[in-house]
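The next block holds one structure in the form of structure tokens; read it before the comments.
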Amino acid sequence: MRQHLADARPYAPTFGTRLAGWLDIDRAIAAIDGCPWTATSGLARHRAAVRRANARHAAAVGRIRPVRPLYTPDERRRRDESPWTLVQGVLAPVQFLVFVVSLALVLRTLATGEGYALATGSVVAKTLVLYAIMVTGAIWEKKVFGRYLFAPAFFWEDVVSMLVLALHTAYLGAVAFGWLDATGQLLLALAAYVAYVVNAGQFVLKLRAARRQERDEVEGGLPAGAEPAE
């Protein structure tokens, strides 16, 4: 009978149970969050800041465009199979060697006034090698990218190449028609050489980018030139 009466008593939570309820952090935060004074508790400002941050992140992600690789697999295959790739690989160091010799001769003539004919001949030789590498480079670009000049992968390199070509051609015109005196002609040659160095640096950086792309593909578990599975 006593046991029956004990079971009928209303439930009275113990102190430990009440303490656990008081320490229910999630319920406490929910209670504060639902109150009409949310702004004074700082939660409204926090929520607004989070929404703004998420919006900025979404906008930034939306502006990100996938980076086009320097060579697609087909373009790399055509590059590797084209004989003009070897021609470019031979002419590039030959042109640089001619440039170094010619630069020394031009600077010597400007400094001493001697050896003008030799300096002029060296600049003419450098210009002829430049013409050769420009013509064969345009053919190479056509074979690999489908256009003779200004393929997207080498657009800015081609732009600067046009400047280099224009300056070298202007030098030939100055020598042929006597547009400038000896010093002016050699200074024009130096301007052409500065543009050439900038252009050569562009191509060196692009070559390094191509090698880095191939290395990343190999390290990523793909054969160089293979396309990742969708």
Side-chain angles (χ1 to χ4, degrees), residues 55-100 102-103 123 126-173 188-230:
R56 288 194 297 268
H57 175 72
V61 170
R63 288 193 298 267
I64 295 175
R65 296 179 180 179
V67 178
R68 182 190 187 278
L70 183 59
Y71 295 100
T72 65
D74 286 340
E75 289 168 352
R76 183 185 290 111
R77 176 184 54 78
R78 292 194 293 268
R79 179 203 67 183
D80 295 341
E81 294 175 354
S82 174
W84 298 106
T85 301
L86 177 60
V87 173
Q88 291 291 290
V90 171
L91 285 178
V94 169
Q95 180 179 212
F96 184 76
L97 179 61
V98 175
F99 156 73
V100 171
S102 179
L103 178 62
V123 180
K126 164 68 172 63
T127 304
L128 294 178
V129 177
L130 173 67
Y131 285 162
I133 201 170
M134 286 294 296
V135 171
T136 57
I139 298 173
W140 174 86
E141 201 163 327
K142 174 66 174 178
K143 295 294 184 182
V144 176
F145 297 104
R147 62 177 70 181
Y148 286 105
L149 286 172
F150 305 116
F154 288 90
F155 178 82
W156 290 109
E157 287 78 7
D158 287 348
V159 169
V160 179
S161 292
M162 293 300 101
L163 174 62
V164 175
L165 188 64
L167 289 172
H168 281 73
T169 303
Y171 172 82
L172 292 184
L188 179 58
L190 286 182
Y193 285 0
V194 170
Y196 161 73
V197 169
V198 173
N199 196 217
Q202 288 179 297
F203 280 104
V204 169
L205 291 176
K206 197 55 69 77
L207 176 62
R208 293 181 61 184
R211 290 177 176 174
R212 184 168 57 250
Q213 175 190 342
E214 295 175 7
R215 183 179 65 249
D216 291 344
E217 289 175 353
V218 172
E219 290 176 354
L222 291 171
E227 291 183 335
E230 296 294 338

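- Checked against side chain to side chain contact (heavy atoms under 4.5 Å, CB included), R212 has the following partners two or more places apart in sequence or in another chain: A209, R215, D216.
- Pairs of residues two or more places apart, or lying in two chains, never qualify as salt bridge (charged side-chain N to carboxylate O under 4.0 Å, His left out) while including a residue from residues 188-197.
- Within the structure, salt bridge (charged side-chain N to carboxylate O under 4.0 Å, His left out) contacts touching residues 78-91 (residues at least two apart or in different chains) are R77-E81, R79-E214.
- Partners of S82 by side chain to side chain donor-acceptor pair (under 3.5 Å), not counting sequence neighbours: none found.
- With sequence neighbours excluded, the residues that form a ring-ring contact (aromatic ring centres under 6.0 Å, His included) with Y196 are F99.
- Residues forming a side chain to side chain donor-acceptor pair (under 3.5 Å) with W84 (at least two apart in sequence, or on another chain): none.
- Scanning for side chain to side chain donor-acceptor pair (under 3.5 Å) contacts around T136 gives Q88, with sequence neighbours left out.
- Judged as a side chain to side chain contact (heavy atoms under 4.5 Å, CB included), and not counting sequence neighbours, L97 has no contacts.
- L167 approaches A191 most closely through the heavy-atom pair CD1-O, 3.7 Å.
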Mind listing the side-chain donor-acceptor pairs of residues 148-163 below 3.5 Å, one per line with the distance, residues two or more places apart or on another chain?
residue, atom, partner, partner atom, Å
E157, OE1, K206, NZ, 3.3
E157, OE2, K206, NZ, 3.0
D158, OD2, F150, N, 2.7
S161, OG, E157, O, 2.8
S161, OG, N199, OD1, 2.7
S161, OG, N199, ND2, 3.4

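- Residue pairs meeting the salt bridge (charged side-chain N to carboxylate O under 4.0 Å, His left out) criterion with at least one member in residues 163-172, sequence neighbours excluded, do not occur.
- To the nearest 0.5 Å, the span separating CG on L188 from NE2 on H168 amounts to 9.5 Å.
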Using side chain to side chain contact (heavy atoms under 4.5 Å, CB included), reason through V164 and Y193 one step at a time and then give a plain yes or no.
CA-CA 8 Å; V164 175; Y193 285 0; over 6 Å; no
Please step through side chain to side chain contact (heavy atoms under 4.5 Å, CB included) for the pair T85 and W140, ending with a clear verdict.
CA-CA 7 Å; T85 301; W140 174 86; 2.9 Å; yes
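- The side chain to side chain contact (heavy atoms under 4.5 Å, CB included) check on Y131 picks up T127, L128, L165, T169, L172, with sequence neighbours excluded.
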